[in-house]
Structure formats: structure tokens, C-alpha cells
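We number each residue from 1, following the sequence as shown.
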Amino acid sequence: EQAVRKAMPDCQTYPSLVIVASDSLDTLSRYHGTEPEEESKKQSGSNQRAAKVELSDQLIADPLRLTMEIAFQYSVHFWHQIEPKHPLDLNPVTTQLLPICCGFGFLASDASLYDSQWSLVGYSGWTLSRSGYYTAEEIGYALGTLKTLKPEIPDNWLDRLRPDSRQVAEYFVKSRAITPRGNRLFDAIQIPSSKCDPQKLK
């Protein structure tokens, strides 16, 4: 938790972290912002309930996703601490991009999709599990964008990425190097989404 706080933008206050049973959540974590307290506490001067983050107990055995869920929820909390300039500021499109910009890109890429093979008494199969709003390819796009803005990032950073993120990041960096003054860096119509096919993403 302390390492996540140091990497993320400063907040005046931080939410408390609470581990809850996984069946009480429909996601791996949930943010509860400040809410008015009951009338008696309003009169005593304490008129708000502190922000809280609920974390699924499934995350206890998964340090990678635990770290990313805390980072995602701290990002939501950060955006709730400042005056929103636009409704998009509180949207997962924005809130879950902030940790990637703060140095969690490699971890977000690794946590974005888990695939595992299992077998049990003659049966076998694959299990896929997603974490976070962005796909591995979209995280690669974001990291490629950051590389063009921060050229001091070490050259071997691509080797650290999982293959699907690396392919998109590498393509983006190369295309920007060829036409650095070409298309706009961000185009609201063309920013990739999970519905984009790989060719449109490129």
C-alpha cells in the first residue's frame, strides 16, 4: 500500500482498505467515496464518512492483482479529491489510465489477462481472467505513447512487456519515429478500445 501511495499523485486523505468476501463483490474491488453521516454525527462536527476501498479476499493470494486493484482505486479516489473538469474524469477510461502513467504500466500489462490450463480426473480446459479496464494491447498503446513523451525511458523497456502489449507498443513507437509530426497524438475517434480489431488499433 505504501509503495502505491508513493507512486500515485498525492491526496489529502486516503481511503481505508478492507478485505471482504469475494461473493459480496461483483468485481475484484469497489470504491466507496465520502458520504454524509447520520444526523447525530453531523451535529457533532463530523459530517462525512471516510472513503473506503473493498478488496476481494481472492486478491490475498495474488500480489500482482492486489497491487493493481489498490492503484486503480487510489486513482478513483484521487479524481474524487479534485474538482472534476469533465464527466470523463470519473470514468474508468480516465481513472485506470492514471496508474499506467504513474509507472504501473508493466504490472498493469501483466495483470490484464491471466490464462491457465487445468486438468482434473480426465477433464481439462483453459481459464481466462481479466483485470482492469484496458486490454494488454491498449496498455501497450499507452506505454508507446508515454515513450514518445519521455525519451529517457531505457531502451530495453520493450523486453519487459508481455508479447501482446509489446507488439502494439513497438509498432506505435516506430510509426511515431517515422512520422513524428504526422497525425495528432490523441484523436478521440481513433483512440483504441476493446472493440477495435488489431488493424484498426495499429
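The side chain to side chain contact (heavy atoms under 4.5 Å, CB included) check on His80 picks up Tyr31, Val76, Leu90, with sequence neighbours excluded. For Leu66, the side chain to side chain contact (heavy atoms under 4.5 Å, CB included) test picks out Leu55, Leu59, Ile70, with sequence neighbours left out. Evaluation of the salt bridge (charged side-chain N to carboxylate O under 4.0 Å, His left out) rule for Asp110 yields Arg160 as partners, not counting sequence neighbours. In this view, Ser112 and Ala136, Ile139, Arg162 satisfy the side chain to side chain contact (heavy atoms under 4.5 Å, CB included) rule, not counting sequence neighbours. Residues satisfying the salt bridge (charged side-chain N to carboxylate O under 4.0 Å, His left out) criterion with Arg30, sequence neighbours excluded, are Glu54. Qualifying ring-ring contact (aromatic ring centres under 6.0 Å, His included) partners for Phe104, counting only residues two or more places apart in sequence or in other chains: none.
At least one side-chain heavy atom of Trp79 sits less than 4.5 Å from a side-chain heavy atom of Leu98. At least one side-chain heavy atom of Leu64 sits under 4.5 Å from a side-chain heavy atom of Leu107. Looking only at side-chain heavy atoms (C-beta outward), His77 and Cys11 come within less than 4.5 Å of each other. Taking 4.5 Å as the limit, every side-chain heavy atom of Arg5 sits out of range of all side-chain heavy atoms of Asp10. Taking the side chain as every heavy atom from C-beta outward, Gln73 and Thr95 never approach each other to under 4.5 Å.
Closest heavy-atom contact between Phe172 and Gly144: CD2-C, 3.4 Å. Residues Cys101 and Leu146 come closest through the heavy atom pair CA-CD1, 3.9 Å. The nearest pair of heavy atoms linking Val4 to Ala71 is CG1-CA, 3.7 Å. The shortest heavy-atom contact between Val168 and Gly140 is CG1-C, 4.3 Å. Nearest heavy-atom pair across Glu69 and Gly132 is OE2-N, 4.4 Å. Nearest heavy atom pair, residue Tyr134 against residue Ile100, reads CD1-CD1, 4.3 Å.
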Please tabulate, for the side chains in residues 20-28, all donor-acceptor contacts under 3.5 angstrom to protein atoms that are two or more places apart in sequence or on a different chain.
| residue | atom | partner | partner atom | Å |
| --- | --- | --- | --- | --- |
| Ser24 | OG | Ala21 | O | 2.6 |
| Thr27 | OG1 | Ser29 | O | 2.6 |

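Atoms OG and OH, on Ser165 and Tyr141 in that order, are 14.5 Å from each other to the nearest 0.5 Å. If you take CZ on Arg65 and OG on Ser56, they are separated by 11.0 Å, rounding to the nearest 0.5 Å. Note that SG of Cys102 and NZ of Lys6 are 15.5 Å apart. Values are rounded to the nearest 0.5 Å. Leu143 CG to Glu138 CD: the interatomic distance, rounded to the nearest 0.5 Å, is 12.0 Å.
Within a 6.0 Å radius of CD in Gln12, no more than 12 heavy atoms belonging to other residues, nucleotides or ligands are found.
Among pairs with a residue in residues 145-164, none fulfils ring-ring contact (aromatic ring centres under 6.0 Å, His included), at least two apart in sequence or across chains. For residues 2-25, the pairs satisfying ring-ring contact (aromatic ring centres under 6.0 Å, His included) are Tyr14-Tyr74, with sequence neighbours left out.
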Item checked: Test side chain to side chain contact (heavy atoms under 4.5 Å, CB included) applied to Val53 and His32, step by step -> CA-CA 6 Å; Val53 171; His32 297 276; over 6 Å; no
Checklist line | Full working for side chain to side chain contact (heavy atoms under 4.5 Å, CB included) between Met8 and Ser75 | finding: CA-CA 7 Å; Met8 298 291 288; Ser75 179; 3.7 Å; yes
Margin query: Assess the residue pair Thr135 and Leu113 against the criterion (side chain to side chain contact (heavy atoms under 4.5 Å, CB included)); give the C-alpha distance rounded to whole Å, side-chain angles, the decisive distance to 0.1 Å, and a yes or no.
Written below: CA-CA 8 Å; Thr135 65; Leu113 182 67; over 6 Å; no
Check: side chain to side chain contact (heavy atoms under 4.5 Å, CB included) between Thr13 and Gln81: does it pass, once the steps are laid out?
Finding: CA-CA 8 Å; Thr13 62; Gln81 300 301 296; 3.6 Å; yes
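The closest donor-acceptor contact from the side chain of Ser109 to the backbone of Gly105 lies at 3.5 Å or more, if one exists at all.
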